[in-house]
Amino acid sequence: MRDDFPILQREINGYPLVYFDNAATTQKPNSVIDAMNDYYSNSNANVHRAVHTLAGEATEGYESCRRELKSRFNASKAIITSGTTEAINLVAHAWGRANLSDGDAIILTEMEHHSDIVPWQMLAKEMNIELRYVPVQKDLTLDMDLFEDAIEGAKLVCVVHISNVLGVCNPVEKIIEIAKKKGARVLLDAAQSAPHQEIDFQQLGADFMAFSAHKMCGPTGIGSLLVSEDAFAEMQPFMGGGDMIETVSIHGSTYQKNEQKFEAGTPRIAEAIGWSEAIKWLNSIDIKSEHKRILHSARWLAVQLREMGMTVYGRHDDNDAAVVSFLHPTMNSEDLAHLLDARGFAVRTGHHCAQPLLDRLEITGTVRVSLYFYNTHEEVVSFVDYLKEILERFA
Amino acid sequence: MRDDFPILQREINGYPLVYFDNAATTQKPNSVIDAMNDYYSNSNANVHRAVHTLAGEATEGYESCRRELKSRFNASKAIITSGTTEAINLVAHAWGRANLSDGDAIILTEMEHHSDIVPWQMLAKEMNIELRYVPVQKDLTLDMDLFEDAIEGAKLVCVVHISNVLGVCNPVEKIIEIAKKKGARVLLDAAQSAPHQEIDFQQLGADFMAFSAHKMCGPTGIGSLLVSEDAFAEMQPFMGGGDMIETVSIHGSTYQKNEQKFEAGTPRIAEAIGWSEAIKWLNSIDIKSEHKRILHSARWLAVQLREMGMTVYGRHDDNDAAVVSFLHPTMNSEDLAHLLDARGFAVRTGHHCAQPLLDRLEITGTVRVSLYFYNTHEEVVSFVDYLKEILERFA
Amino acid sequence: MTYSTELVELIEEFKEIDDKMERLEMVFDLADEVNLLPIEQWTDSTRVHGCQSEAHVKVEIIDSNVHFYSGADSKLVQGLMGILTMAIHGIEVESVLTLSPEFAAEMGILNSLSPSRSNGFRNMFDKVMNEIRHHA
Amino acid sequence: MTYSTELVELIEEFKEIDDKMERLEMVFDLADEVNLLPIEQWTDSTRVHGCQSEAHVKVEIIDSNVHFYSGADSKLVQGLMGILTMAIHGIEVESVLTLSPEFAAEMGILNSLSPSRSNGFRNMFDKVMNEIRHHA
Ligand SMILES: Cc1ncc(COP(=O)(O)O)c(C=O)c1O
Ligand SMILES: Cc1ncc(COP(=O)(O)O)c(C=O)c1O
C-alpha cells in the first residue's frame, strides 16, 4: 500500500519521512494525483451546458464524484463544497437562516472543532439563538445526561462524530435517536470519521454530514455536505451565481432543483475528479482491518508515552480513531515537534482548532500523533525510540 | 508557447483539438500542472500553525500565491476564495450586510454575469435594497448617462470589467471616478479582464476586484478578491471556522486581522501553488502584444462571419477581449456546435450565464468563440473554412 | 425486445460509420422522419424538460398502436425524434413498452452527443414511455 | 554592519553543522545566554506577538548601550533570544541599529525553524529594534 503514495519516499533532513499528521490532512495515492494530471493534460474544460467533447468529459468527471460519494455513504443528496468548513457554513446559511428564529436553541458540544462552533456563534448573534454546549467529562466522553436535558426545545444538534484531538468516537446513533424523537435536525461533523469508518448516512438517520476530501486521500479545496431529503427540502439557496440558477432576469431568478442549487460558480472540477479516485482507493482497501491495525499501534503508543511520563489524552475504544494526543510535563510541545522534525517525524502541536475542548481539559495544546492506513507499526516504534533519545538529551 | 500546454496535443474525433472556449476556462501550462503534482508528491501537508517541514513548505507555497497576486495586480489585500462567484458572494455577505441598510441602492449593469447579479438579488430581497440596472445600448456599450443618473444615492456599483459574451471592455476608470465622487464603493467583476490585461488595482481605485484562477491558466477551485484598505476595514467575517479565528471560547471568538479572517477552513493549498505558477507564466509573456495578435484574429473572424450571413455581437475595440459571439440566421446554435466538435473545434453555446444581456439583445443564446494567447490565426482560418463546409452541407 | 426491420437496418448503418460528422449528418437527415408536431401545438405539457432546445412530443394510441408526433428547434434533436419515430410509430403498445433507451446507445448515437443532449434523449424517451403507459 | 567577535564565531560554528538536530541542540544551549526576564515581569507590553509560545522581551538603554532581557516558555525561542542577546546586549545603540534580521538567516537558523517560528524571530527582532529606537 505504501507504494501507492509517492510522498512516502520523501526524505526530511536526510531521514525518511514519517508522516503522523493525518488528522490535519492525509497523503494522496498515485491514482488521485494521476487523475488530476490527466484531467489538466487531456480533458480540462468547464462543465455543464456545453456541447464539445472536453466539456462532456469534464462534466462526466465532475458528476462521477457525486456518484461515488452517494454510493460510498449511501446518501441521496451530496452537495459538493470546498470542505467541511464551507459545508457547515452552508447549513448555517441555507438551512439555519430559513428554519431558525429568535429564541431557538442549537446544541453543540465542547468537543467541536472551531469550524463547527464559529458559524453557529455568528448565526446565534445575528438571529438571537441560544447555543447549548454539551460538556465533556473527565473520561473524555460527552455528558449524555446533560445532552438529554439540553435537547428540550432545541431545533438542531451539531456534533463531531470523531474528535480530532482525542480520537474519541461519539455515540452518534444514540444522539440521533434522541434528537429525532424531539424533532431536532442533526448535523454530523464527519471530518475525522469519513476517512476512518464505513458510514451509511441514510441508515444512521442524520440530516447533514460534512467532511473534507483532503482528510481522506483526496485533493485540497473540496468537500461535501450530505443531506437527507427532508432537510434538503427545507434549504434555501446560499451563494448565488452561475450554475445554481435555472433562469435569471433583472426582475428575479429561479433556481435549480438538485444539488447544483448550492454549487454556485464554476465548480471544483479537477478536485472532484481527484476525489472520485480517492474514494475508489478507499473502496479498494479493507478499512475495518486496517483500522484495527493502526488503532492497535495507537494503543501501544499511548502505553509507551505514559510510561515515559507523558500525559495522554485519549481512551482508544474500538471505534475511536488512531489519534494520540499527549503532553510532556515540562518540555514545550513545539520544541519537541521541532526536534521530531529534525529526524523526519511530522506531528502537529497547538490547539488543533478545538480551544473549548482544551479549556475544559485545562491545557492550551497537545502534541498530536494521528495515524492513517499507510502508517506502519515500525514507524511508531521508531518514533518511541527517538522520543526517548530526545528526552534523554533535552528534557 | 503552445508546447507549454500539453492538452493542445489532444485529438478530438481524430482531429487536432482547436480550443476556442477560453472565456469559460483556459488551459494549463506544464509548469502549473507540474507544481501541483510536485506538491502532492513531495510536500503535501496542512498549512499554518505547524512545525514540521512539509507544513512549512505547504504554508510557503500557499502564501506565495498571495504574494504573486499582490505583486501582479498591485494590491495590498488579496483574499483567496474558491473563484469569482465566491468572491462576489463574499462582498455581499462580508461588506454588504454590514454596510447596507433598508432602502439603500446598488447599481448593476445589464451586462453582468449571473454571478454578479444573483448574490445582489438575494441580498436585495433580504435587506430591502434597490437594484438599479444600467442598460446596454444598441452599440453594446453601457448607457453612461443613465449610470450618472443612477449613481445618486447608490452605495455600491457592481460592474463587469469585460463582458464574457461580447468581449466589450467597460469604461471602468470613468465609472470608478464618478462612483468615488459620490462616495459609492465599486466592485469589479474581473473574471474576463484579469486573464487579458495588466491591471493596477490600486491605481484603478476600485474597492473590490473578483476573478478566478481557472480563467487565467490556473487550476479550478480557486480565485481571489482584491480589496482596498478602506473597504477591508469595513468588512465583517463571512464564513466561520478554523484558520480565520484568533481565539475561540464557548462565550465567543476573536478573528484574525488580515486576509485569513475571510479564509475559513483548510485553504486551497495545491490550487494556490498551481495558481502561483500560472501568474508567473503570465508574467513571462508579453501580454500586450499577444492581446493585439488574438484581437486581430477575432476582428478578422468577425468580418468573415458577417460575410457568411451571421449576426455578430461585439465591436472589438482595442481593449475588448478576443471574443466573438454570433448567430446563424436559421441554424440552431447547438447543432452547429455539435458539428464543430466533430472536427475538434470547441466553442460554447447558450446564454453564457448572462440572460439579462441576452434579453436586452432579444436573443436566447449565441455561439461564442473566445481566443487565448495559445490560439493561432491558422486555427481561426481553419475554423472559418470548416464553418463554410458545414453551412454548405447543412444550412 | 425486438426491433422493427427498419430500426435494425438503421442500427447497422450507424455502426458502420466511424466519422462523427457523418453520423451527425445521418441524424440530421432523420429529422424528416418525424410526424411533425406543428409549433402551434407546442405547449408546456408537450415540452421535454431538461433539453436545452425546445423539444415537444405528443403520443396517441389508435387501435393499440402508438402514434408519435414531435418537433424541435434543433435539427439534431429532431433527428433523434426521427429515430424514435422509426422505433415506435405505428407499433403495438405492448411491444413498444418493452423498449429501453439502450437501443440508442447501441447505435452509438448517444456517445456522439454531449451529455446534456443524451440526457435530453433519455428525458424524451421517458416522457414518451410514461405517456404511452398512461394512455394504455 | 559589523558583528561582535562572539557573534562571528557563533555564525561560523552554526555554518559548520549539517545535522538539523545538532543545530537545534546548539540553539537550545544558547537559551542560557539570556538575561532572564522573570515570569513575574511578563506583561502585555513585553509580549512578542505572532509567536505561538509565550515570548517576552525588555530593553533598557544605559550609557548608550543596549541592555536586553528576555524569556520564553519554549527553550528554542529562548535560544533565539540568547543569540539576539549575544548580538545586541552591551553593544552601542548606534551599532545595534544597523543590524538586520539577516544575520540569523545567514546562520542558517531561520531555515531550520518552521515559518511560524522564523516569523516569530522577525517579530521579536522588530519589536526590540523599535523599542531601542523609541528609547534612544
Ligand atoms: C464575467 C464573469 N463573471 C463571473 C464569472 C464566474 O466565474 P466562476 O464561475 O469562476 O466563479 C465568469 C465566468 O464564468 C465570468 O465570465
Ligand atoms: C473534526 C473536524 N471538523 C472540521 C474540520 C475542518 O475541516 P476543513 O479545514 O477541511 O474545512 C476538521 C479539520 O481540520 C476537523 O478535524
Side-chain angles (χ1 to χ4, degrees), chain A residues 6-7 10 12 21 24-25 27-28 33 37 40-42 44-46 49-54 82-83 85-86 89 114-115 117-119 121-122 133 214 219-221 239-242 245 247-250 252-253 264-266 268-271 334 337-338 341 346 348-350 353 355-356 359, chain B residues 6-7 10 12 21 24-25 27-28 33 37 40-42 44-46 49-54 82-83 85-86 89 114-115 117-119 121-122 133 214 219-221 239-242 245 247-250 252-253 264-266 268-271 334 337-338 341 346 348-350 353 355-356 359:
Chain A
I7 205 170
R10 170 84 193 257
I12 304 284
D21 192 17
T25 200
Q27 299 304 339
K28 323 304 171 199
I33 302 173
N37 228 326
Y40 281 127
S41 303
N42 294 302
N44 174 67
N46 213 324
R49 291 206 197 84
V51 157
H52 59 80
T53 302
L54 298 184
S82 67
T85 302
E86 192 183 292
N89 279 275
H114 294 166
S115 292
I117 298 176
V118 185
Q121 288 183 337
M122 291 164 75
Y133 292 85
H214 70 92
T220 58
M239 292 203 248
I245 59 92
T247 61
V248 174
S249 83
I250 63 171
S253 302
T266 298
R268 296 120 180 118
I269 309 167
E271 292 88 337
E334 293 187 6
H338 267 105
D341 181 62
R348 191 147 295 232
T349 55
C353 291
Q355 286 180 337
D359 287 349
Chain B
I7 205 171
R10 170 84 192 259
I12 304 285
D21 193 16
T25 200
Q27 299 305 339
K28 323 302 173 202
I33 302 173
N37 227 327
Y40 282 127
S41 303
N42 293 303
N44 175 68
N46 213 325
R49 293 206 196 82
V51 157
H52 61 78
T53 302
L54 297 185
S82 67
T85 302
E86 192 183 291
N89 279 274
H114 293 166
S115 292
I117 298 177
V118 186
Q121 289 183 337
M122 292 165 76
Y133 291 85
H214 70 90
T220 57
M239 292 203 248
I245 59 92
T247 61
V248 175
S249 83
I250 64 171
S253 302
T266 299
R268 296 122 180 116
I269 309 167
E271 291 88 338
E334 293 186 6
H338 267 105
D341 182 62
R348 190 145 296 232
T349 55
C353 292
Q355 286 181 337
D359 287 349

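Each chain gets a letter, A, B and so on, in the order its sequence line appears, and its residues count up from 1. Everything quoted here is computed from the prediction, not taken from an experiment.
Put simply, the side chain of B:T85 never gets that close to the backbone of A:A264: no donor and acceptor are under 3.5 Å apart.
The heavy-atom pair separating A:V118 from B:S253 by the smallest distance is CG2-OG, 4.1 Å. Of all heavy-atom pairs spanning B:G242 and A:C353, the tightest one is CA-SG, 3.9 Å. Residue B:P119 comes nearest to A:G240 through the heavy atom pair CG-O, 3.5 Å, listed as atom of the first residue, atom of the second, then distance. Annotation for B:V248 and A:D359: closest pair O-OD2, 4.3 Å, computed over non-hydrogen atoms.
Looking only at heavy-atom pairs under 4.5 Å with chain B, the residue among A:P219, A:A346, A:A337 that has the most is A:A346. When A:N42, A:N89, A:I12 are compared by the number of non-hydrogen pairs under 4.5 Å with chain B, A:N89 comes out ahead.
Within the model, atoms CD1 of B:I33 and OG of A:S41 stand 4.0 Å from one another, a figure rounded to the nearest 0.5 Å. The line from CD of B:Q27 to CG of A:L54 is 6.5 Å long, rounded to the nearest 0.5 Å.
Contact of A:Y40 with chain B is made through backbone and side chain together, with heavy-atom distances under 4.5 Å. Within the 4.5 angstrom heavy-atom criterion, atoms from both the backbone and the side chain of B:M239 approach chain A. Both the backbone and the side chain of B:N44 come within contact range of chain A, with heavy atoms under 4.5 Å apart. Contacts of A:E271 with chain B are made by both backbone and side-chain atoms, with heavy-atom separations under 4.5 Å. With a 4.5 Å cut-off on non-hydrogen atoms, B:I250 touches chain A through its backbone and its side chain both.
Among residues two or more places apart in sequence or in another chain, the side-chain hydrogen bond (donor to acceptor under 3.5 Å, both in side chains) test is passed with B:T247 by B:T254. Shown here are the side-chain contact (heavy atoms from CB on, under 4.5 Å) partners of B:T266, two or more places apart in sequence or in another chain: A:H214, B:N46, B:I269.
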Worked check of side-chain contact (heavy atoms from CB on, under 4.5 Å) between A:Q121 and B:I245:
CA-CA 12 Å; A:Q121 288 183 337; B:I245 59 92; over 6 Å; no
